[in-house]
Structure formats: structure tokens, C-alpha cells
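To start, the structure under review is shown below, and the notes come after it.
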There are 2 protein chains.
Amino acid sequence: MSLRHALLGLLVDRTASGYDLLKLFDTSLANVWPATQSQIYAELNKLADTGLITIAAEGPRGRKQYALTDDGLAELRRWLTETEPQRNVRSEVLLRVFFLGVVSREQAQSYLADLATRFATEENALRELENAVEWDESDLSLYGRIALEYGLRFNTMRREWAEWAADQVK
Amino acid sequence: MSLRHALLGLLVDRTASGYDLLKLFDTSLANVWPATQSQIYAELNKLADTGLITIAAEGPRGRKQYALTDDGLAELRRWLTETEPQRNVRSEVLLRVFFLGVVSREQAQSYLADLATRFATEENALRELENAVEWDESDLSLYGRIALEYGLRFNTMRREWAEWAADQVK
DNA sequence: ACTCTACATTCCAACATTGACATGTCGCGA
DNA sequence: TCGCGACATGTCAATGTTGGAATGTAGAGT
């Protein structure tokens, strides 16, 4: 499961509460590995059970600080270097395109045009995000920049494809 | 659930056995919506329970022919025109890039270079597939061609990005 | 004082997905 | 005729994922 390793990765250079991690998932990892609140808290407790993170409670209830252990960092490194990434291409948008032949040409055209607009909007949002981020020279920001670049290229590719596709169906 | 609608879509212009459908998933839908054998047979029985497909058994055991009903086609059309596609971007490859800062620069470089090679291989395979397919003028092949074009652009984009990324880390 | 929003965690039911195991048919070649 | 590989379906346990409900704290504004 990648959620486990995503949490370990986020805890590498900071300790955080579950809520902090949830925000990080909603912002930086939203387009990479989305996760819900239920999943995150459940997984954090499992990670603590196996000793990959520690939980420091500040009182009987309320905020808890989650921190990576040496075992946790080792597990993250092991995952990155010794296991194969599974490529899991699942696109509902594309699945629909496969079957557009069953609706009218007008409806298909409308669907593709709508995709083009939607992708253009997402691309603009991502460009603004990129412009807003301040980069420093650390390795972490280097890899963050590389990952963001992927997102930007992906969005641009999708927009161009959707525009081309809408044109094909005219 | 998209699996349900993927099955309906595959049954639009043919009847098929579960095994046929499994093969179709492994070939044409592998890079769009992967599914396992267990999932497919279970879902086919559920679809028959709700009247969206019919099952014609050729004997007490052995092959069964699954066929779309009018309700099934209507449900497929409804899904295509009245529901919003959920975009579900989950990429383990990209998740790993986010966290490459925790391994050595050599290992990160090696990972990105490996990705570039892998993506190039996939891109070549897809190009060959595209060249092998004979296109006719029906709408179905139009949408099939559009979907294939997406796959090709996606693979090209990934390869170019991975090459660029590997270069950044040198 | 009141209320609203953000912060913060837990639990649960339902559904989706994976991978393995079990069972059996059919045709072909050694 | 024996065994193999392709065809064909069914079932199970484990795990992953979603979405919602429940509960509570803390601070800021009215």
C-alpha cells in the first residue's frame, strides 16, 4: 500500500498532527495520491503499532504529534529502492471516451469540449501554484519541482488532447 | 463504479463470454480500467440480477453468453451523459519522485533514468499497436482512435518528462 | 454570552480490489 | 492415452477506499 509510504514520506522532515497530514494530502498530494481523513488516521495508528512512527499525545484528548522513527525512515528507503512501482493507470475520463460511440455525435462533441475547458482550468490553476511557490536549493525542493513539472506537463497534454479530440468529432 | 459501465460498454456491439470480456480488459482496457477475473465474473452476475444484461448458459456448466439489454444500454447512456466523471489521479511513480530526497542522489538518478527507459519501451509498444490497427470510418473506431491517441500522447509526455527529470538530477 | 470556523480524532458500514484457490471442459500433439 | 495449455466459471479472505456520523477543543468576532 502506498498510503503507508506517503505518510512516512511526509513525516521525514517534520513532525505533524493527523490534521496537518490531512491538509498536506489535500494540497501537495491531492493529484498524486488522494486520501481521506478516515484512511489517514487509521493508517497512522497501524504505523505506530508496527513501530514505524511514534505518537506523542499532548493530553488525554486532542492533538497528537506523529513522528518518524529510524525504522520508519529505513522502511521508506527500502520501498523507494527495493520495490517496483506498480503502474496503475485508471482513468474514468478515458473510459468514457472509449464508449462515446453509443451517444449522439452532438453529445460526444459536447463531452469532449467540456473536457477541454475543464483541463484548461486545471492547467491554469497549476501554473499559478507553480508561480506562487518559492524554490530553494535543497534536494527536497528539487524533487518537488520535478514532480510539479510532471503535473504541469500532464495537464497541458490533456488539454491539448481534449482540444484536438473535440475538433475530430466536429 | 466504473467497472459496471466498462462491462456494459464492451457488450454494446457484441455478446461475449466472461472469458472474452476478461481478454478485452487485458488488451484494450488494460491501460484505462484494469480489472481482475474475480471482479468481472462477480460484476456480471450483479448486472444480470439488476436486469442490465442477460446470461444465456449453453449447458449446465461451461460457457455463458452475456448480452446487453435495453435497460443496460439506457444505463450506459445515462452514465455517459448525466454523471460527472470523477478524476482519480493516483500515481505511485510520481509519489515516489516526491520522496526521492531521502535516498542518495545516485539512487534518485538511477530511479529516474530507469523510468525514462521504461516509458520509452511502453511508448514504442503503443506505437506498434497503433500501426497494427486497421481503422475504418465508423464512429466506434473514431472514438477508439481518439482514446488511443491519448495513450500515445501520455506515454510520450511521460518519457520526455522522465528524460528531463533524470537530466535535472545529474 | 453566543456562534462560527478551524482544528482534531475516532468509529463504522458499504463498497472496490487483489490474489489465490478450486473446479471443470476441450482440442492437440507426443 | 496422457498431459498440456487455452478456455471457462466460481468463491474466498484480506486489504484498500469512500463517505458519513459522532465527539470534542480553541480562538476570533459579534
Side-chain angles (χ1 to χ4, degrees), chain A residues 1-8 10-11 15-27 29-30 32-50 53-67 79 83-92 95, chain B residues 1-7 10 15-27 29-30 32-50 53-67 79 83-92 95:
Chain A
M1 209 217 327
S2 298
L3 174 62
R4 187 179 342 278
H5 299 101
L7 285 168
L8 295 177
L10 289 175
L11 289 172
T15 66
S17 68
Y19 193 82
D20 294 335
L21 292 167
L22 178 59
K23 293 297 136 186
L24 285 169
F25 267 93
D26 284 348
T27 54
L29 292 187
V32 176
W33 204 271
T36 59
Q37 179 251 48
S38 336
Q39 241 186 316
I40 290 170
Y41 283 107
E43 194 59 40
L44 284 170
N45 286 320
K46 279 190 216 159
L47 283 168
D49 287 347
T50 51
I53 63 171
T54 56
I55 304 183
E58 290 172 1
R61 64 178 120 262
R63 165 184 275 262
K64 296 177 181 176
Q65 282 292 323
Y66 300 89
W79 175 68
T83 65
E84 285 291 298
Q86 66 164 60
R87 61 186 209 77
N88 187 16
V89 188
R90 224 183 206 103
S91 163
E92 195 186 308
L95 181 62
Chain B
M1 210 220 320
S2 298
L3 174 62
R4 186 178 345 279
H5 298 101
L7 286 168
L10 289 176
T15 65
S17 67
Y19 192 81
D20 293 335
L21 292 167
L22 178 59
K23 293 295 137 187
L24 284 169
F25 267 93
D26 284 349
T27 54
L29 291 186
V32 175
W33 203 271
T36 59
Q37 179 253 46
S38 342
Q39 243 185 316
I40 290 171
Y41 283 106
E43 194 58 41
L44 284 170
N45 286 319
K46 279 190 216 161
L47 283 168
D49 287 346
T50 51
I53 62 171
T54 56
I55 304 184
E58 290 171 1
R61 65 178 121 263
R63 167 184 272 261
K64 296 177 181 177
Q65 281 292 323
Y66 300 90
W79 175 70
T83 65
E84 285 291 299
Q86 66 163 61
R87 61 185 209 77
N88 188 15
V89 188
R90 225 183 205 103
S91 163
E92 195 186 308
L95 181 61

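The sequence lines fix the lettering, A, B, ..., with proteins before strands; numbering per chain opens at 1. Remember, it's a predicted structure, so these values are computed and weren't measured experimentally.
Whole-Å rounding puts the B:Glu92 CD to C:dT18 C1' distance at 14 Å. What separates NZ of A:Lys46 from P of D:dT17 is a distance of 10 Å, to the nearest Å. Atom-to-atom, CG of A:Leu21 to P of C:dC7 comes out at 14 Å; the value is rounded to the nearest Å. Distance B:Gln39 CD to D:dA14 C1': 14 Å, rounded to the nearest Å. The distance from atom CD of B:Gln65 to atom P of D:dC7 is 14 Å, rounded to the nearest whole Å. Counting to the nearest Å, the C1' atom of C:dT5 and the NZ atom of A:Lys23 are 11 Å from each other. Between the P atom of C:dA16 and the CE atom of A:Met1 lies a distance of 19 Å, rounded to the nearest Å. One interatomic measurement links the two molecules: CZ of B:Arg4 to C1' of C:dA14, which rounds to 13 Å at whole-angstrom precision.
Looking at A:Leu3 and A:Gln39, their side chains come closer than 4.5 Å, going by heavy atoms from C-beta outward.
If you find the closest nucleotide of DNA chain D to B:Gln37 and to A:Trp33, the one lying nearer the 5' end belongs to B:Gln37. With DNA chain C read from its 5' end, the first of the two nearest nucleotides for B:Glu43 and B:Ser38 is the one closest to B:Glu43. If you find the closest nucleotide of DNA chain D to B:Ala42 and to B:Arg63, the one lying nearer the 5' end belongs to B:Arg63.
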- With side-chain contact (heavy atoms from CB on, under 4.5 Å) as the test, would you mind laying out the steps for A:Leu95 and B:Leu29 before giving the verdict? CA-CA 8 Å; A:Leu95 181 62; B:Leu29 291 186; 4.1 Å; yes

- Start with the C-alpha distance between B:Tyr66 and B:Thr15, add both sets of side-chain angles, then the distance that settles side-chain contact (heavy atoms from CB on, under 4.5 Å), and finish with yes or no. CA-CA 6 Å; B:Tyr66 300 90; B:Thr15 65; over 6 Å; no

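Side-chain proximity of A:Tyr66 to the nucleotides D:dT18, D:dT9, C:dT10 is greatest for C:dT10.
Using a 4.0 Å heavy-atom criterion, one finds that A:Ser17 contacts the sugar-phosphate atoms exclusively.
Neither OP1 nor OP2 of D:dA8 sits under 4.0 Å from any side-chain N or O of B:Tyr19. Contact between the side-chain N/O atoms of A:Tyr41 and the OP1/OP2 oxygens of C:dT10 is not found at any separation under 4.0 Å. For B:Arg90 and D:dT17, the shortest distance from a side-chain N or O to OP1 or OP2 is below 4.0 Å.
Distance check, rounded to the nearest 0.5 Å: CE of B:Met1 to NZ of B:Lys46 gives 5.5 Å. Interatomic distance, OG of B:Ser2 versus CD of B:Gln86, reported as 6.0 Å (0.5 Å rounding).
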